[in-house]
Amino acid sequence: MPLDYDHRAIEAKWQQRWQETGLNEPDLWEAPRPYYNLMMFPYPSAEGLHVGNMYAFAGADVHGRFQRMQGYSVFEPMGFDAFGIHSENFALKVNRHPADLIASNVANFRQQLERLGNQFAWSKTLATTDPRYYRWTQWLFLKLWEGGLAYRARRNVKWCPTDLTVLADEQVMGDGTCERCGSQVVERELEQWFLRISAYTEKLLGNLDELDWSESTKLLQRHWIGRSEGAHIDFPIDGEAPLRVFTTRPDTVYGATFMVLAPDHPRTLDLAHPSCRDEVARYLAEAARRRIAGARQEGDSTKGIFLGRWAQHPLTGARIPLYTAEYVLSGYGTGAIMAVPAHDARDHAFAVAFQLPVVEVVSGSSGGGAHSGAGTLVNSHEFSGLTAPDPAREVVIAALAERGLGERQVTYRLRDWGISRQRYWGPPIPAIHCPRDGAVPVPEDQLPVVLPHIDDFRPLGSGESPLARSPEFYNTTCPRCGGPAKRETDVSDNFLDSAWYYLRYPSADRDDVAFDADLTRRWLPVATYIGGNEHAVLHLLYARFIAMALHDLGYVDFEEPFTRFRAHGMIIKDGAKMSKSRGNVVVPDDYVNRYGADAFRLYLLSMGPFAEGGDFRETGVNGPQRFLVHIFTLLERFLEEGSSQEPVALARLRHRCIRDVTRDTPELKYNTAIAAMMTFVKQLQATPSPLPRAALETLALLLAPFCPHAAEEIWARLGNPYSVHQQPWPEIDPQMLVQDQVVVVISINGKKRDQMSVAPGLPSSELQSRALASGRIQHLLEGRTPSKVFVVPDRQVNLVLPRD
RNA sequence: GCCAGCAUGGCGGAAUGGCAGACGCGGCGGUCUCAAAAACCGUUGAGCGCAAGCUCGUGUGGGUUCGACUCCCACUGCUGGCACCA
């Protein structure tokens, strides 16, 4: 390696200089054009910074630095998402206290992060485990509670038998396993704290249309919220209250031939006829056992049991038998359905198994199974002949509503957010249980409720947190009546920590408020947020909900916290996700040591489009490394024999490069932006004449977002004033993008046969006659005349010969 | 099963109707060297040809078009998400 490019010395020197001069610390009060550039904060694991973290941060930093050179004051904070089961489980495994582990992990991460060269504003860092931070997480909970958005309820919740804690629905994987440890999740009935995210379903869904977010992320959220439009319909039962069902296909109501209740529907046992009650009770107990064991098998809609009772069809009065079966879920709709076997596959399978009538009400059935598509209503009395599902759906809803039998209803999949965790490593939920006054909020001036340092923090498994081992912690007095009371011993989900951290950064050094109102108005919402799509339905949905809640509670003046969100891709290795078990995890430190942060950043970002990630190869870093060496060689050459004169030909190449980098960088197409710079460098290398100053200066400016240290070094060696990162982005001179020659391809029947170099902007007729004048073309035409000629100005002339 | 996204040299990728393979890795040949590494120069989709050049080629099959990696239809494979959601 030439002495000129000693990445170690260069990177250390500039990192120190930036820190001394406060280059990365915008004046939050005075900044004229605030730009909040946020990236998802990492969970500080014991393994240290992952190459995936580095990839995300490097890409986000390029964006921030680019915006800065567009004239914005960029605030780019970084912090640590340090609470949570992850850290706690690791602490249990290595038999150390999470508080000790986290302190060293954070210190290690901080050191690794500082070496990446990101423009992090370290004076505003935060860690969610800091009482100065979680005090305000607790404050947030109290505000939500005050606003009616937090409540306590006894409910069936997802329970992880390994982690011994409740999980949010979002933390249960598709196959019913725990997101953290992979154990089969079971159900358990516990008294829990919930946040009323369901109050915002409509807004969470509706606002998405207007948000400048990655489409893939929006789609995941839409799915997760799961809006279904339909109606509820009441089916009368003799001597009982009617049974309400939800359906998205009210138009098929005449095809309903039986009804099914979920086993855990509150009325299932009551509705069973006394003669069947024992048998039904046995069935329900089995179903409950299966549910608790997490063994409820999917796809089997042929199992169930008759309740020995009938409802009436609301329109025909026909007898409709009632069943209970596990294919109907208590958690969706009303937990009971009208079964339309002709037009629903599951109902059809059930009808076949129990020999129940199948009545076709939508024509177009292909015979055999259920026909769930569109068609014309038949066997539907006054509705027959209508086109289903639309507009028949509307007509049927209106008719039912008129007779008081049903009504339009929208159902969502999204459930309220259970935040109670029976674990140790989280912020205690600031509530006190008083035998007289019930659950009472901890008064604000008593925050934070400090998480006590207890030696035995192993989970109890009883449905209580390890804090229930500590009477010193939970014994207290009721703030309302002063009598003896017990603190809530559950801690909150660590997704609550991360649901508001972006609000905290600008005010991270303040102890009097969670977030300063003026600073918040200046800097928020976040201009650009960059992170992984794995958080599309967890973190990003919760953060939006919290912003909406704080908006309605009067604390912020926006509803959407992240104006622009871009999901970055994933770095894979050997075609697979990096994981410890596969042994293909890349540790960035080795590469940063060997090649420098600049070269490694460049490599990561040149692998592919930032939104798509890329495939990591060890040898790949050689390319960017050579590229930087080439630039320093050019710099050397310029310092020896450079010129202030720039030949027009070079100026054209330079402006072409500026154009390409300026076009691709804001679109996060860093790979092609880097390629454009590499092309320019090759062109400079091929230039025999003295190098112009402008070429080197432009390179330093274009490189600044990508390789901040090298760019600074080049800038300084050119004798320019500190700092390259405070310079305006280079301007494009449109004059310089005009070419004096263009290559026009001549093809016959679409196949390239010749080419010619001509002045740009020639009229089509001129291009055509020049093409026909070509010797090669004349020869190939053999005297024939093209039947047609297509001319694409400045690009192609295509001669069409009739084929034989 | 449903919903997305993707499929291009040995590899990562570029080109979104007009010269396929930019840029980079790797490979091959050379220069330098006692030698190696590094560096530098050349070369690198496949096939045919002494050559000029020709033919084939963007997962598969069809279609639209003067012209298709790009648009349309059908299929296959991979990745991610959801999944008894009525």
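Hydrogens, waters and symmetry mates play no part in the numbers below; they use all other heavy atoms, side chains included. Order of the sequence lines fixes the chain letters, A, B, ..., with proteins taken first and strands second; residue numbering starts at 1 for each chain.
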Subject >> Watson-Crick/G-U partner (both atom distances under 3.5 Å) of A46(B) >> reply: U55(B)
Subject >> Aromatic centroids of Tyr323(A) and Phe350(A) separated by under 6.0 Å >> reply: yes
Subject >> Distance flag, aromatic centroids of Phe616(A) and Tyr55(A), threshold under 6.0 Å >> reply: no
Across the strands shown, which category fits [X] at heavy-atom distances under 4.0 angstrom: base, sugar-phosphate, nothing?
{"X": "Lys788(A)", "result": "nothing"}
{"X": "Asn671(A)", "result": "sugar-phosphate"}
{"X": "Pro609(A)", "result": "sugar-phosphate"}
{"X": "Leu220(A)", "result": "sugar-phosphate"}
{"X": "His630(A)", "result": "sugar-phosphate"}
{"X": "Thr248(A)", "result": "sugar-phosphate"}
{"X": "Ser216(A)", "result": "nothing"}
{"X": "Val340(A)", "result": "nothing"}
{"X": "Val328(A)", "result": "base"}
{"X": "Arg776(A)", "result": "sugar-phosphate"}

Respond yes when some side-chain nitrogen or oxygen of [X] is under 4.0 Å from OP1 or OP2 of [N], and no when none is.
{"X": "Arg626(A)", "N": "G26(B)", "value": "yes"}
{"X": "Asn533(A)", "N": "G81(B)", "value": "no"}
{"X": "Thr619(A)", "N": "C11(B)", "value": "no"}
{"X": "Lys751(A)", "N": "G57(B)", "value": "no"}
{"X": "Lys682(A)", "N": "C23(B)", "value": "yes"}

Original post:
Picking from Asp234(A), Leu322(A), Thr334(A), what satisfies side chain to side chain contact (heavy atoms under 4.5 Å, CB included) with Leu243(A)?
Top reply: Leu322(A)
Original post:
Relative to the ring of Phe610(A), is the ring of Tyr670(A) parallel (under 30°), tilted (30 to 60°) or perpendicular (over 60°)?
Top reply: tilted
Quantified in whole Å, what is the [atom1] atom distance between nucleotide [N] and nucleotide [M]?
{"N": "C6(B)", "M": "U58(B)", "atom1": "C1'", "answer": "14 Å"}
{"N": "G80(B)", "M": "G42(B)", "atom1": "C1'", "answer": "44 Å"}
{"N": "U79(B)", "M": "A74(B)", "atom1": "P", "answer": "24 Å"}
{"N": "G77(B)", "M": "C40(B)", "atom1": "P", "answer": "46 Å"}
{"N": "C84(B)", "M": "U76(B)", "atom1": "P", "answer": "25 Å"}
{"N": "C11(B)", "M": "G45(B)", "atom1": "C1'", "answer": "13 Å"}

Original post:
Going by a 90° cut-off around 0, is G42(B) syn or anti?
Top reply: anti
Subject >> Residue mapping more 5' on RNA chain B - nearest nucleotide basis, Ile337(A) or Asn622(A) >> reply: Asn622(A)
Original post:
Under 5.5 Å between ring centres and under 30° between planes: true for Tyr327(A) and the base of C84(B)?
Top reply: no
Original post:
Quick one: Phe616(A) CZ to G24(B) C1', roughly how many Å, whole number?
Top reply: 14 Å
Subject >> Rounded interatomic separation in angstrom, taking CZ from Arg753(A) and P from U55(B) >> reply: 5 Å
Original post:
Among A86(B), C19(B), C25(B), which nucleotide sits nearest the side chain of Gln796(A)?
Top reply: C19(B)
Original post:
Taking only residues two or more places apart in sequence or in another chain, which ones pass side-chain hydrogen bond (donor to acceptor under 3.5 Å, both in side chains) with Ser774(A)?
Top reply: Asp754(A)
Subject >> Within 45° cone and under 6.0 Å: Arg544(A) NZ/CZ vs Trp224(A) ring >> reply: no
